[in-house]
Engineer: 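Dumping the structure here so I can ask a few things about it.
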There are 2 protein chains.
Amino acid sequence: MSQGNSCVSVVGQQARACTVREALDRVGGKWSVGILVAASQGPVRFTELERQVEGISRRMLTLTLRNLERDGLLHRRVYPTVPPKVEYTATPMALELYESLVTLTAWAERHRAAITEARAAYDREHADWTGSRAD
Amino acid sequence: MSQGNSCVSVVGQQARACTVREALDRVGGKWSVGILVAASQGPVRFTELERQVEGISRRMLTLTLRNLERDGLLHRRVYPTVPPKVEYTATPMALELYESLVTLTAWAERHRAAITEARAAYDREHADWTGSRAD
DNA sequence: CAGAATCCATCCGGATACTG
DNA sequence: CAGTATCCGGATGGATTCTG
């Protein structure tokens, strides 16, 4: 998730690829989308996220939240109460990003079966026989 | 890039997030998009890719190519000549994927400045002072 | 030319324990 | 409640060498 990806001195259509990566770097993380989705419905608290985003660890939740906040995709609001209360909300920019992702979702759904089969075929083809027909 | 992400037993809108991840897992890799872009113009040879996708190592090129091929995003054609010649071509499915990414590219371009500034602001805000004004 | 194999540094991410 | 800190295994990815 660290950047440095400046897209400078990149020529040809690879420049476009570089721009895509700018977006992917922000959403490519294992948990980013899950959090974004949850936060796009309205303010969500830390513990709510911990439950909604299944399988996430406390650590990764914190880290991913920080990154998203840093990129301006999430807004963090702290209520100075005791016990503390923190709410995360998706920013307009994040909502737009989420909209951009629906195209991708559609693609994934359209080709889910094809991909699964392509993999199966590939694995069948490249099964390392090594002559061992041991069973 | 290893899967296992079956999206089973995922409820609510998190199921959607899971579907998005299916797509992202295939393109989220550091080099996938670059290769896909290069191969979408027509057949490309190994060494051509090595040059076009700037900064990629031989190893990662091979690995990413294998993954893309396995997912049915690239077609690999071998010419049994000497020296050998191998051409990679993006499949229709990959071209559709690339189209889906255009939306994302647009998003990245629209908000590039905003993100850069959000980061700067965040870093300014969270600069760890620790009281050390040591200069 | 198009890779496979090996070695090694770094990063990602999970588990656990502690805190204001 | 909402984190932070630490430890650690596995994955990611670069550099280099060898080969059909």
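In the text below, chain A, chain B and the rest are named by the order of the sequence lines, each starting its count at 1. Not measured: the values here are computed from a predicted model.
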Engineer: Return the value, rounded to whole Å, for the distance between atom CG of B/L68 and atom C1' of C/dG3.
Structural biologist: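 Value for this atom pair: 16 Å.
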Engineer: On a heavy-atom basis, which atom in A/V44 and which in A/A38 lie closest, and how many Å separate them?
Structural biologist: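 So the minimum-distance heavy-atom pair works out to CG2-O, 3.3 Å.
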Engineer: Quickly work out the A/E69 CD to D/dA2 P distance and round it to whole Å.
Structural biologist: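 So the two atoms are 14 Å apart, to the nearest Å.
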Engineer: Between atom CG of A/L68 and atom CZ of A/R66, what is the distance when rounded to the nearest 0.5 Å?
Structural biologist: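 Taking CG in A/L68 and CZ in A/R66, the distance rounds to 10.5 Å.
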Engineer: Quick one: salt bridge (Lys or Arg N to Asp or Glu O under 4.0 Å) pairs with a partner in residues 91-115 of chain A, sequence neighbours left out?
Structural biologist: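 Every salt bridge (Lys or Arg N to Asp or Glu O under 4.0 Å) pair that includes a residue of residues 91-115 of chain A, provided the two are not neighbours, is A/E96-B/R110, A/R110-B/E96, A/R112-B/E22.
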Engineer: Return the residues of residues 80-87 of chain B meeting this criterion: a heavy atom under 4.0 Å from some atom of DNA chain D. Order them by number, or give none.
Structural biologist: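 Heavy-atom cutoff 4.0 Å gives B/P84.
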Engineer: Among pairs that include at least one residue of residues 82-107 of chain B, which meet ring pair (Phe, Tyr, Trp, His ring centres under 6.0 Å), considering only residues two or more places apart or in two chains?
Structural biologist: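 Residue pairs passing ring pair (Phe, Tyr, Trp, His ring centres under 6.0 Å), neighbours aside: B/W107-B/H111.
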Engineer: Give me the atom names and distance for the closest heavy-atom approach of A/L36 to A/A94.
Structural biologist: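 The pair with the smallest heavy-atom distance is CD1-CB, 4.4 Å.
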Engineer: Please report, rounded to the nearest Å, how far the P atom of C/dT10 is from the CE atom of B/M60.
Structural biologist: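 Those two atoms, CE and P, are 17 Å apart.
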Engineer: If you assign A/R59 and B/Y88 each to the DNA chain C nucleotide with the nearest heavy atom, which residue ends up on the more 5' nucleotide?
Structural biologist: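 It is B/Y88, whose closest nucleotide lies nearer the 5' terminus.
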Engineer: Identify which nucleotide among D/dT4, C/dC1, C/dG3 has an atom closest to any side-chain atom of B/R66, counting heavy atoms from C-beta outward.
Structural biologist: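 Selected nucleotide (nearest to the side chain): C/dG3.
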Engineer: Evaluate A/R59 against A/L61 for side chain to side chain contact (heavy atoms under 4.5 Å, CB included), listing each step before the verdict.
Structural biologist: CA-CA 5 Å; A/R59 178 183 138 87; A/L61 179 54; over 6 Å; no
Engineer: In this structure, how many angstroms lie between the P atom of D/dA11 and the NZ atom of A/K30, rounded?
Structural biologist: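 Interatomic distance, NZ of A/K30 to P of D/dA11: 11 Å.
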Engineer: Side chain of B/T62 only, heavy atoms from C-beta on: which candidate in D/dG13, C/dG13, C/dG3 is closest?
Structural biologist: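 Out of D/dG13, C/dG13, C/dG3, the nucleotide with an atom closest to B/T62's side chain is C/dG3.
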Engineer: What is the distance, to the nearest angstrom, from the CD1 atom on A/I35 to the P atom on D/dA2?
Structural biologist: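 It is 14 Å, rounded to the nearest whole Å.
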Engineer: Out of the candidates A/V102, A/T103, A/L101, only one should pair with B/T103 under the side-chain contact (heavy atoms from CB on, under 4.5 Å) rule; please name it.
Structural biologist: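 The side-chain contact (heavy atoms from CB on, under 4.5 Å) with B/T103 is passed solely by A/T103 among A/V102, A/T103, A/L101.
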Engineer: Nearest whole Å is fine: how far is D/dT4 C1' from A/E50 CD?
Structural biologist: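 Nearest whole value for this atom pair: 14 Å.
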Engineer: Can you measure B/L61 atom CG to D/dG13 atom P for me and round it to whole angstrom units?
Structural biologist: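 Those two atoms, CG and P, are 13 Å apart.
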Engineer: In whole angstrom, what separates B/I56's CD1 from D/dT12's P?
Structural biologist: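 Taking atom P of D/dT12 as the reference, CD1 of B/I56 is at 15 Å.
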Engineer: Can you find a donor-acceptor N/O pair under 3.5 angstrom joining the side chain of B/R58 to the base of C/dG3?
Structural biologist: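 Pair found.
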Engineer: Which part of the nucleic acid, if any, lies within reach of B/Y79 when heavy atoms closer than 4.0 Å are counted: base, sugar-phosphate only, or nothing?
Structural biologist: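 Nothing, no nucleic acid heavy atom in range.
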Engineer: Report yes if at least one side-chain N or O of A/R76 is closer than 4.0 Å to OP1 or OP2 of D/dG3; otherwise report no.
Structural biologist: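 Answer yes for this pair, as a side-chain N or O of A/R76 is under 4.0 Å from OP1 or OP2.
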Engineer: Which part of the nucleic acid, if any, lies within reach of B/T47 when heavy atoms closer than 4.0 Å are counted: base, sugar-phosphate only, or nothing?
Structural biologist: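 Since only primed, P, OP1 and OP2 atoms lie under 4.0 Å of B/T47, the category is sugar-phosphate.
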